[in-house]
Amino acid sequence: MIEITPPVRVRFAPSPTGYLHIGGVRTALFNWLFARHYGGQFILRIEDTDEKRYVPGAADDIMASLRWVGIEWDEGPDIGGPYGPYIQSLRFDQGIYQVYSAQLLESGHAYMSFTTEEELAQLRADAEMRGVKAFRFRGLERDWPLERQRELAATGKPYTIRLKTPLTGQTTFTDLVRGAEGITVQNDQLQDIVLIKTSGMPVYHFAHLVDDHLMRITHVLRAEEWVPSTPYHLLLYQAFGWKPPVFAHLPVILRQDGKGKLSKRKDDVATNRFWERGYLPEAMMNYLALQGWSFDDKTEIMSRDELIERFTIDRVQASPARWNPEKLRDINGIYIRKLAPEDLAERLLPFLAAAGLIGDPPSEAERAYVVRLVPLIHERLEELSEAPGLLEFFFREPRPGPDGYAPASLVPRGLDAPQTAAMLRAAHATLHDLELWTPEALEVALRELCTRLERKPGQLFGALRVAVSGRAVAPPLFDMLAALGRERVLARLDAAIAALG
RNA sequence: GCCCCCAUAGUCUAGCGGCCUAGGACGUCACCCUUUCAAGGUGAAGAUCGCGGGUUCGAAUCCCGCUGGGGGUACCA
């Protein structure tokens with residue numbers, strides 16, 4: 001067991017190649033929880049060294065996604081900090097990486113490689129033809145004196161800078177998640193990876209490491225896909241003579257069908273899609289915390305503060321988690337039910353406005369009406385986006401007929417159309433004369449009517465529900481009638497009676 | 001192919017040598033509540049702890065092998 005000793009500094013370092021997906025948020029969340037738990041700092045750094053895949057605006061989207069779930073950083077591109085800048089392209093402009101690659105060249109831990117991508121591809125193909133099991137590239141320049149490398153470079157021939165990896169021996173690193181023995185890799189399995197591209201831009205392996213060191217990062221919590229490249233990173237730390245951070249590789253999140261890890265392309269996992277669909281950030285944080293981590297054998301619903309208090313690395317799972325939208329939905333429903341009605345109403349307004357049921361911005365009257373309606377659907381909601389569908393008939397008239405509900409759906413089991421019409425006429429009369437228009441008064445009156453007409457409650461209530469809402473499944477009848485108001489109820493009854501012929 | 005990691009019900013997960021006749025949750029199915037749908041309550045089905053060997057008085061828990069799954073194998077991160 002490796003002890004965690006404060007101070008602790010961790011970071012989340014996404015590359016702006018598109019929106020942030022759920023897996024990325026999970027990694028950020030674990031870093032953030034770790035930092036908060038140990039009273040350390042959480043740093044956000046943008047790794048935009050890939051000019052080809054750079055997507056303008058992606059960094060802003062990533063930051064918006066993180067803020068949405070409730071993750072804030074102590075140092076970052078937008079707020080600065082003592083170790084800035086926090087965007088790699090800006091650091092490149094300052095010449096930071098160039099200084100350190102020169103240092104490695106000088107010390108002989110790296111070399112200029114003049115093999116082009118095309119030549120390398122050819123070498124690989126040839127090796128495969130010859131039946132070489134595993135092609136491991138090492139440039140011949142690795143044995144050249146630095147002077148000779150420089151001379152060739154001076155002629156203008158493009159080159160990359162590669163790490164000179166040892167041919168023998170082994171490299172071991174410990175991992176907080178994967179046991180104390182650590183992970184060992186034979187050095188002959190490595191190859192001389194590119195550190196600096198021909199463009200002069202550093203590659204991830206190099207840039208992140210220089211930055212982590214300069215930014216005093218103590219713990220690196222990152223996804224499992226980085227395990228295979230960690231030996232290179234360790235070798236790099238050794239080459240610089242720097243103390244490596246403590247590593248913890250988090251389990252990947254697998255796709256719902258278990259076939260491969262979550263991907264932006266194939267799965268609907270863009271973080272910003274979840275706010276559009278009506279997920280609560282607090283529910284999202286709770287669910288994500290459970291992807292690869294657990295507190296005990298029964299506690300699942302935990303607030304932000306509880307998560308911070310309870311999050312420890314030793315309880316992070318080594319085996320992959322699987323994306324489970326059903327579970328997320330369930331947790332979202334739990335959080336929705338915990339909301340105060342006014343709070344829920346407030347969160348519902350944008351969805352109702354987007355559906356065109358209320359104005360944008362909503363008027364005071366609309367706002368008040370939504371507050372009035374919220375209790376009717378509160379515990380029936382698992383996504384906020386379901387609200388417009390559930391509340392639509394409070395804003396629009398349900399019409400019997402081809403464009404609306406089927407008149408036949410008015411007719412309850414055991415009755416025919418004329419009988420139903422008669423029953424609804426009786427209900428109309430009762431409601432018309434009712435003095436107090438409250439759920440309680442409505443219930444008393446309508447139950448009396450059932451007895452008088454010798455109809456089962458289910459028959460009357462069912463027909464009324466359809467007449468008034470246009471659907472067989474709706475919120476509780478008496479609350480619905482009360483919220484709709486007498487005028488609209490009577491008008492809808494008239495329409496239903498007419499439709500029954 | 002090669003390297004690395006992982007392995008408890010359909011899914012997530014508890015378990016770190018005896019508290020396990022394997023606990024919790026999602027999902028599924030019943031029943032109760034009930035005017036529908038939910039929510040809530042009760043209960044059920046579902047795991048020979050992937051398989052095979054060891055170690056031990058005793059293994060889901062430790063070791064080895066196999067199998068399966070996943071990750072990596074770029075001048076992407």
Side-chain angles (χ1 to χ4, degrees), chain A residues 13-17 47-50 52-53 113 115-117 120-121 124 128 131-136 158-162 175 177-179 183-186 188-191 193-199 201-205 207-208 222-231 249 251-252 254 256 258-261 287 290-301 314-315 317-331 333-334 337 377-382 390 412 443 446-447 450 456-466 469 471-478:
Chain A
S15 71
T17 54
E47 309 214 324
D48 56 348
T49 54
D50 185 352
K52 295 188 194 102
R53 292 201 307 156
S113 170
T115 309
T116 65
E117 281 187 89
L120 188 53
R124 272 190 233 283
E128 198 177 334
V132 173
K133 289 189 198 108
F135 178 75
R136 303 277 180 256
Y159 63 92
T160 60
I161 296 178
R162 288 181 182 271
D175 185 300
V177 176
R178 268 144 244 278
I183 297 169
T184 299
V185 172
Q186 298 303 316
D188 59 12
Q189 296 300 325
L190 306 176
Q191 50 184 338
I193 54 162
V194 169
L195 264 20
I196 305 288
K197 310 177 200 178
T198 46
S199 65
M201 266 292 188
V203 141
Y204 168 84
H205 301 294
H208 95 276
R222 68 201 341 176
E224 190 191 341
E225 62 232 41
W226 293 108
V227 169
S229 47
T230 306
H249 288 96
V252 290
L254 262 29
Q256 213 179 341
K259 303 223 177 297
K261 59 176 183 174
Y287 171 75
L290 264 17
Q291 292 285 289
W293 176 82
S294 66
F295 175 61
D296 62 11
D297 59 340
K298 29 191 72 104
T299 315
E300 286 196 329
I301 302 304
D314 59 295
R315 297 205 56 88
Q317 197 80 6
S319 55
R322 198 183 292 205
W323 174 236
N324 186 352
E326 305 236 286
K327 179 74 177 179
L328 207 211
R329 257 182 79 83
D330 177 66
I331 290 180
I334 291 172
R337 272 170 254 132
I377 58 163
H378 200 148
E379 62 193 18
R380 273 158 261 263
L381 233 40
E382 272 191 321
L390 292 171
E443 176 161 13
L446 290 172
R447 283 195 190 280
C450 284
K456 292 180 198 153
Q459 294 178 315
L460 205 216
F461 299 165
L464 279 173
R465 178 176 302 107
V466 175
S469 70
R471 55 184 71 183
V473 174
L477 182 65
F478 310 116

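Side-chain atoms are counted along with the backbone in the values below, which use heavy atoms only and exclude waters and symmetry mates. Labels below follow one simple rule: chain letters A, B, ... track the order of the sequence lines, proteins then strands, and each chain is numbered from 1.
Backbone-only engagement by A/Arg337 is indicated by non-hydrogen atom pairs under 4.0 Å involving sugar-phosphate atoms exclusively. Among the atoms of the strands shown, only primed sugar atoms or phosphate atoms (P, OP1, OP2) are found under 4.0 Å from some heavy atom of A/Leu120. Nucleic acid contact class of A/Thr116 (heavy atoms, under 4.0 Å, all strands): base. Backbone-only engagement by A/Ala318 is indicated by non-hydrogen atom pairs under 4.0 Å involving sugar-phosphate atoms exclusively. The residue A/Pro476 sits close to a base: some heavy atom pair falls under 4.0 Å. Residue A/Gly333 is out of contact with every strand shown, counting any heavy-atom pair closer than 4.0 Å. Using a 4.0 Å heavy-atom distance criterion, A/Val473 is classed as a base contact. Using a 4.0 Å heavy-atom distance criterion, A/Thr230 is classed as making no nucleic acid contact. Among the atoms of the strands shown, only primed sugar atoms or phosphate atoms (P, OP1, OP2) are found under 4.0 Å from some heavy atom of A/Ile183. Residue A/Pro251 is out of contact with every strand shown, counting any heavy-atom pair closer than 4.0 Å. At the heavy-atom level, A/Glu117 lies under 4.0 Å from base atoms of the strands shown. Among the heavy atoms of the strands lying under 4.0 Å from A/Phe478 is at least one base atom, whether or not backbone atoms are also near.
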I'd like a table of atom pairs between the protein and nucleotides 11-14 of chain B - only N or O on both sides, under 3.5 Å - with the distance next to each one.
residue	atom	partner	partner atom	Å
B/U13	O3'	A/Ser294	OG	3.1
B/A14	OP1	A/Ser294	OG	3.1
B/A14	OP1	A/Gln317	OE1	3.3
B/A14	OP2	A/Gln317	OE1	3.2
B/A14	OP2	A/Gln317	NE2	3.4
B/A14	O3'	A/Arg315	NH2	3.4

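Taking atom NE2 of A/His249 as the reference point, atom C1' of B/G70 lies 15 Å away to the nearest angstrom. The nearest whole Å value for the distance from the CD atom in A/Glu379 to the P atom in B/U34 is 15 Å. The interatomic distance linking A/Glu128 (CD) with B/U73 (C1') rounds to 12 Å, in whole Å. The CD1-P distance, from A/Ile331 to B/G24, rounds to 18 Å in whole Å. Straight-line distance from the CG atom of A/Asp330 to the P atom of B/U28: 10 Å, rounded to whole Å. The separation between A/Arg471 atom CZ and B/A38 atom C1' is 14 Å, rounded to whole Å. Atom P of nucleotide B/G71 and atom CD of A/Gln189 are separated by 20 Å, given to the nearest angstrom. Rounded to a whole Å, the NZ atom of A/Lys456 is 16 Å from the C1' atom of B/U34.
Comparing the C1' positions of B/G69 and B/A22 gives a spacing of 23 Å, expressed to the nearest Å. Taking atom C1' on both nucleotides, B/G68 is separated from B/C75 by 36 Å, rounded to a whole Å. Distance noted for atom C1' between B/G53 and B/A47: 22 Å (whole Å). As rounded to the nearest Å, B/U73 and B/U55 have P atoms that lie 42 Å from one another. Taking atom C1' in both B/G46 and B/C3, the straight-line distance is 38 Å, to the nearest Å. Taking atom C1' on both B/U61 and B/A7, the two are 14 Å apart, rounded to the nearest angstrom. Taking atom C1' in both B/C49 and B/C12, the straight-line distance is 16 Å, to the nearest Å. With both ends at atom C1', the span from B/G24 to B/A9 equals 13 Å, rounded to whole Å.
B/A7 and B/U67 make up a base pair, with Watson-Crick or G-U wobble contacts both under 3.5 Å. Summarising the base pairing, B/U73 is matched to B/G1 through a Watson-Crick or G-U wobble pair whose two defining distances lie under 3.5 Å. Figure legend. B/C19 is base-paired to no nucleotide; pairs are counted as Watson-Crick or G-U wobble with both atom distances under 3.5 Å. When both pairing distances are held under 3.5 Å, B/U28 makes a Watson-Crick or G-U pair with B/A44.
Taking the nucleotide of RNA chain B with the nearest heavy atom to each of A/Asp50 and A/Ala134, the more 5' of the two is matched to A/Ala134. Annotation: of the two residues near RNA chain B, A/Arg162 and A/Pro228, the 5′-most nearest-nucleotide partner is A/Pro228.
Comparing B/G24, B/A77, B/C3 by their nearest atom to the side chain of A/Arg136 picks out B/C3. The side chain of A/Glu326 sits closest to B/C26 out of B/A77, B/C4, B/C26.
Side-chain atoms of A/Arg315 come within 3.5 Å of backbone N or O of A/Ser294 as a donor-acceptor pair. Side-chain atoms of A/Arg329 never come within 3.5 Å of backbone atoms of A/Glu382 as a donor-acceptor pair (strictly under, hydrogens ignored).
Residue A/Lys52 places no side-chain N or O under 4.0 Å from the OP1 or OP2 atom of B/A77. Contact annotation: A/Lys197 reaches the phosphate of B/A77 (side-chain N/O to OP1 or OP2, under 4.0 Å). Remark: A/Thr184 is not in phosphate contact with B/C4, judged by side-chain N or O atoms under 4.0 Å from OP1 or OP2. Remark: A/Lys259 is not in phosphate contact with B/G69, judged by side-chain N or O atoms under 4.0 Å from OP1 or OP2.
The closest side-chain heavy-atom distance from A/Leu460 to A/Lys456 is not below 4.5 Å. In this structure, the side chains of A/Ile196 and A/Val203 stay at 4.5 Å or more apart for every pair of heavy atoms. Using a 4.5 Å heavy-atom cutoff, the side chains of A/Glu300 and A/Tyr287 are not in contact.
For a distance-only test at 3.5 Å, the side chain of A/Arg178 fails to qualify as a donor-acceptor partner of the base of B/C5.
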**Prompt:** Is there a side-chain hydrogen bond (donor to acceptor under 3.5 Å, both in side chains) between A/His249 and A/Thr230 once you walk through the steps?
**Reply:** CA-CA 10 Å; A/His249 288 96; A/Thr230 306; 3.2 Å; yes
**Request:** Test A/Thr198 against A/Tyr159 for side chain to side chain contact (heavy atoms under 4.5 Å, CB included), laying out the working first.
**Result:** CA-CA 5 Å; A/Thr198 46; A/Tyr159 63 92; 5.7 Å; no
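Residues meeting the salt bridge (charged side-chain N to carboxylate O under 4.0 Å, His left out) test with A/Arg337, sequence neighbours left out: none. Considering only residues two or more places apart in sequence or on other chains, A/Ser229 meets the side chain to side chain donor-acceptor pair (under 3.5 Å) condition with none of them.
Atom CG in A/Leu290 sits 12.0 Å away from atom CZ in A/Phe295 (nearest 0.5 Å).
For A/Gln256 and A/Arg322, the side-chain atoms include no donor-acceptor pair closer than 3.5 Å.
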